[in-house]
Each structure stands twice: as C-alpha cells, then as structure tokens.
Amino acid sequence: MIDIRLIRKDPERVKTILALRDKELPSLIDSILEIDCRRREIQARVESIRSARNSLSREVGKLKREGKDTSEIEKKVRELKEEIEALEKEMDSLGDDQLSMMMRIPNLPHESVPRGEDENENVEVRRWGEPRRLNFEPRPHYELGERLGILDFERGARLGGSRFTVVKGDGALLERALINFMLDRHREKGYIEVLPPHLVRSEILEGTGQLPKFEEDLYRCERDGLYLIPTAEVPLTNLFRGEILKEEDLPIYLTSYTPCYRREAGSHGKDIRGIIRQHQFNKVELVKIVHPEKSYEELESLVRDAEEILQLLELPYRVVELCTGDLGFSASKTYDIEVWFPSQGRYREVSSCSNCEDFQARRMKTRFKDREGRNRLVHTLNGSGLAVGRTLAAILENYQREDGTVEIPKALRDYMGGKSLIS
RNA sequence: GGAAGGGUGGCCGAGCGGUCGAAGGCGCGGCGCUGGAAACGCCGUGUGUCCCUUUAGGGGCACCGAGGGUUCAAAUCCCUCCCCUUCCGCCA
C-alpha cells in the first residue's frame, strides 16, 4: 500500500507517477482523496461527540456513588450514542471503501525506472557468458527430457492435468541437486534458511500484495480458508509482520526452497510445451528485510547473489531492468535475470528481483525502532535465486550434445554423486 | 475431533463493570550516589489515528488475541472466530 499522506500532500505527483504504470489509475486517486476528506471530517465529529459522552458517563459514575439521580444525564448519553452510531456507520463504510481502493493501487515506480508501456521497453543492463556454439540443431528441453526419460509430460497430465509434469530418475536428482546447490551458496552469503508453511491465510497474501487483486491466480482451500503459496516470498516476507524490530536486527536475509503453486489464469496458450510454465514448480527464494536507506544497494547485491548461481553453473544470461509498464504490483524497481535458451534463440526469465520499499511493510505493519526512538517501516526485497525448473530446462538445452545426452555442469557434480552425464 | 484452562505493554504478571492505558516486578534510557563500578535512590519508558500550534510540543479518540453485542459506562459481562497450553482420541 502506498502512503495516504503522499496522496494528501501532492496528489498530482502521485497521479503522474501512477500514470506511467496504468492510465486508469489517476482517476482512482481522485476518488480516494475525496473519500479520505469526507471520512476525516466525520471522524473529527464522531470523536468530539464521543469525548462529550465519555465525560458525561464519568459524571454518572460520580453522582451514583453520591447516591444522586442520574436519569437525566443517562438519557442525554443515550441520545449521543445514537448520534455516534449513525456517524460511525458512515465513517466505517467510507473507511472500508477507501481501504479497498488503496489495496488496489500498485506501488510507485522508483524515479530510476525506465519509462515504457510493456516488456518490449525493458532495458538490458548487462550480459554474462557466450552462448555455446553448437554444430547441430539444438533440441528443446522437453524433447531432450522425454528422450532421456527424465521428464514425463503424459503421466504428469494424467495425475494433475495440463501444466503438471513428472520428473524422474536423473532429472529428479538434478532438480534436487540444484536446490541444494542454490541453498548452500545463499547460506554462505549469510541468508538464513527457512522452511515455511506452504498454506497461508488470506491476510498473509494481502501483506505481500497478491490479495485482494490477484485472487484468480491463487489456489484456495475453501474449507480451511487457506491459500497455497505462489512463491516463498509470501511466507518469508511476512515472517515479521506486526513486529517492531530493533534497528540492529537489520538487515535480515532469508532464503527458502519451496514449491510454488500458480493457477496461471490468463496465460492460456503461453509456453504450452515443456516445463517453462507449470502450475507447480520449485523455486529457491531470497528475501531481504532492510533499513529504508539501504534498500537500493541491497537490491544490487541481491541481484548479484542470484546471478552468481548462473555464473557457477556457466549458463549465459542477461540482466534486464523492467520498465514502468511491466513492473509487478508491489515493486518499486525490478531486475529480471534471463537465461539463454538455445532452442528458442532467446533469453527467458529465471529470476525477478524487486525492491518493494515500504509498500509491503505498510500492509504487514513490519517496523523498526530507529536511533531517535521513532517507529519506521522497513523496506522489503525479494528475488528468485533461482526458479529451479527453468534452470533445469536451461541446463538441458545449454549442455546438450548432438547425441541427445546432457552434460552436468561441473558445479553440480558433487551434488549428483560424481555423475557428469545424463544419458 | 472431544474435554479443560488461558490469551493484558519489550518480558513476567495483577486487575474481573466506573477514578484503568492499565498495579507491581524485570528490562531499557536519563539523573543522582561513586575514584570507577555494583548495590541503592529519583525520574522517564506502548501503538495507532485525528486535530491544533508546528525544530519542540499540546489536546481528543481508539487499542488489554480479532470481530460483534449488553450497558449511562467494558480489559472486566454475553456471543462468534483465531491462537496457545494440558489431557484424551486419531495420525506421518
């Protein structure tokens, strides 16, 4: 959630910035401002009446102890109460309206974010590695996987429907090796490993921004009111919700391996073949909870931490800075890391690293006490470190040989019992 | 799932219809004492929101797990939900 005070202070500036994301947003700001104004006016009235009620009530107590008649005052208070209830009802409904609108406003892009409509206007920041020169036509990962017997799409669909895949044998081993490899690297960098719940309550999803706006993308367990997490960002970022941390507790670095569950509503027909877009996929996530003055340098190091995994795996990639129109809901600034896919002749996203500034912290009420004793909102960051399934697919494609076998990256061999080839 | 007992400030813990934002203790900060420290003494120390004056401050309102209700008045009584503890049942 963005700061309502920002809207009160300079609505035109907020509108200009939000228009960079979506041209529909500025009109929402006008409605919020109007409601906010009315709500506060009523609040002031309610509170002054309530103040009068409180002092009359105290009076009743005093008089009763003295054995005096209080029926006159009691009648007066009852009248005030009715007045309060009517105003309060109006105030609450305005408050609800305001909050639900505020919850649907995305974060403000940072001033450094390139302006643009959609992903075509994202800006490449750097490239690492040279795509291997293959003297044969590269096969797509799903073809390699099926031929090697490590990806089984047919049986996956039998079990869970479309966008579910069974990973077997050396494929399962490779996936597990990748998870351990990634977690170990992050742990060495000071990230605390966490195994969180995979089912969470709705307010947890509200904290990170998936709800109320993106209900359609989530799997929900109706009977229990719980949702399957779409990313470990959700439980990790919410870990300290409602807490007031000490300044010296910051920064907090967290890492977690979890499966991610996404309905992928609205992506029909996209990436239908292979394991690029699945309803369930494994991901190692990085989350940082930091001092607001440090969050942009923390974003840079977060991206580097994710990049290092690809460097160690010797997979060519590039880093892209998302433009204002392509930015996710909660993010102020985002870098995507894209790895090279030979069969597609292009780079595909394996990580998205964002600084959400105080947008999530405000929803979660995660604060810290600064040196002056003031409570301030923390800044939160998250990034994939990395999407495991897509990394596996990238390994299959980049390390394939003409005979359809796949070499195992050197960095992973110790994690695979010394194996160097999947055949 | 069944039974019982609980959820109060950074922590422990009292309060069970009015004078309670809440005793007392611990912790923390300041001051005093001291050569310095311990001990001791004094003072201070929750969060949110709105308004007024605006470096600083002053006032109102709300918050004692969450949401409703009863009452002139609720931390205190009633209802619903959530969570924790113990016992029983079930179970990886």
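In what follows, chains are A, B, ... by sequence order, proteins preceding strands, each numbered from 1.
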For A/I244 and for A/E47, find the nucleotide of RNA chain B with the closest heavy atom, then tell me which residue's nucleotide is more 5'.
A/I244
Would you kindly compare A/V60 and A/N375 by the position of their nearest RNA chain B nucleotide and give the one closer to the 5′ end?
A/N375
CE of A/M103 to NZ of A/K213: how many Å apart, nearest 0.5 Å?
12.0 Å
State the dot-bracket string of RNA chain B. Criteria: Watson-Crick or G-U wobble, both atom distances under 3.5 angstrom; notation: ( ) intrastrand, [ ] crossing earlier pairs, | interstrand, . unpaired.
((((((((.[[[..)..(.....]]]((((((.......))))))(((((((....))))))).[[[[[..)....]]]]])))))))....
Please identify each residue that fulfils salt bridge (charged side-chain N to carboxylate O under 4.0 Å, His left out) with A/R367, with sequence neighbours left out.
none
May I ask you to test the A/E298-A/H379 pair for a side-chain heavy-atom distance under 4.5 Å?
no
Listing request: all side-chain hydrogen bond (donor to acceptor under 3.5 Å, both in side chains) pairs with a residue in residues 78-91 of chain A, at least two apart in sequence or in separate chains.
A/R50-A/E88
For chain A, the stretch of RNA chain B it reaches, first to last nucleotide, under 4.0 Å of its heavy atoms
B/G18 to B/C83
Pair up each side-chain donor or acceptor in residues 17-26 of chain A with any protein partner under 3.5 Å, not counting sequence neighbours, and list the distances.
unit_1 : atom_1 : unit_2 : atom_2 : d
A/R21  : NE     : A/N107 : O      : 2.7
A/R21  : NH1    : A/L327 : O      : 3.2
A/R21  : NH1    : A/G328 : O      : 3.2
A/R21  : NH2    : A/N107 : O      : 3.2
A/R21  : NH2    : A/G328 : O      : 2.9
A/R21  : NH2    : A/A331 : O      : 2.8
A/D22  : OD1    : A/E24  : N      : 2.9
A/K23  : NZ     : A/E117 : OE2    : 3.1

Under 4.0 Å, counting only non-hydrogen atoms across every strand here, what does [X] touch: a base, just sugar-phosphate, or nothing?
X	value
A/R8	sugar-phosphate
A/K75	nothing
A/K369	sugar-phosphate
A/K76	nothing

Determine, step by step, whether A/E233 and A/Q360 satisfy the side chain to side chain donor-acceptor pair (under 3.5 Å) criterion, reporting the C-alpha distance in whole Å, the side-chain angles of both residues, the deciding distance to 0.1 Å, and the verdict.
CA-CA 11 Å; A/E233 169 202 342; A/Q360 297 178 321; 2.9 Å; yes
Look at the rings of A/Y261 and A/H198 and say which category their plane angle falls in: under 30° parallel, 30 to 60° tilted, over 60° perpendicular.
tilted
Tell me which residues in residues 29-38 of chain A put a heavy atom below 4.0 Å from RNA chain B, sorted by number, or none.
none
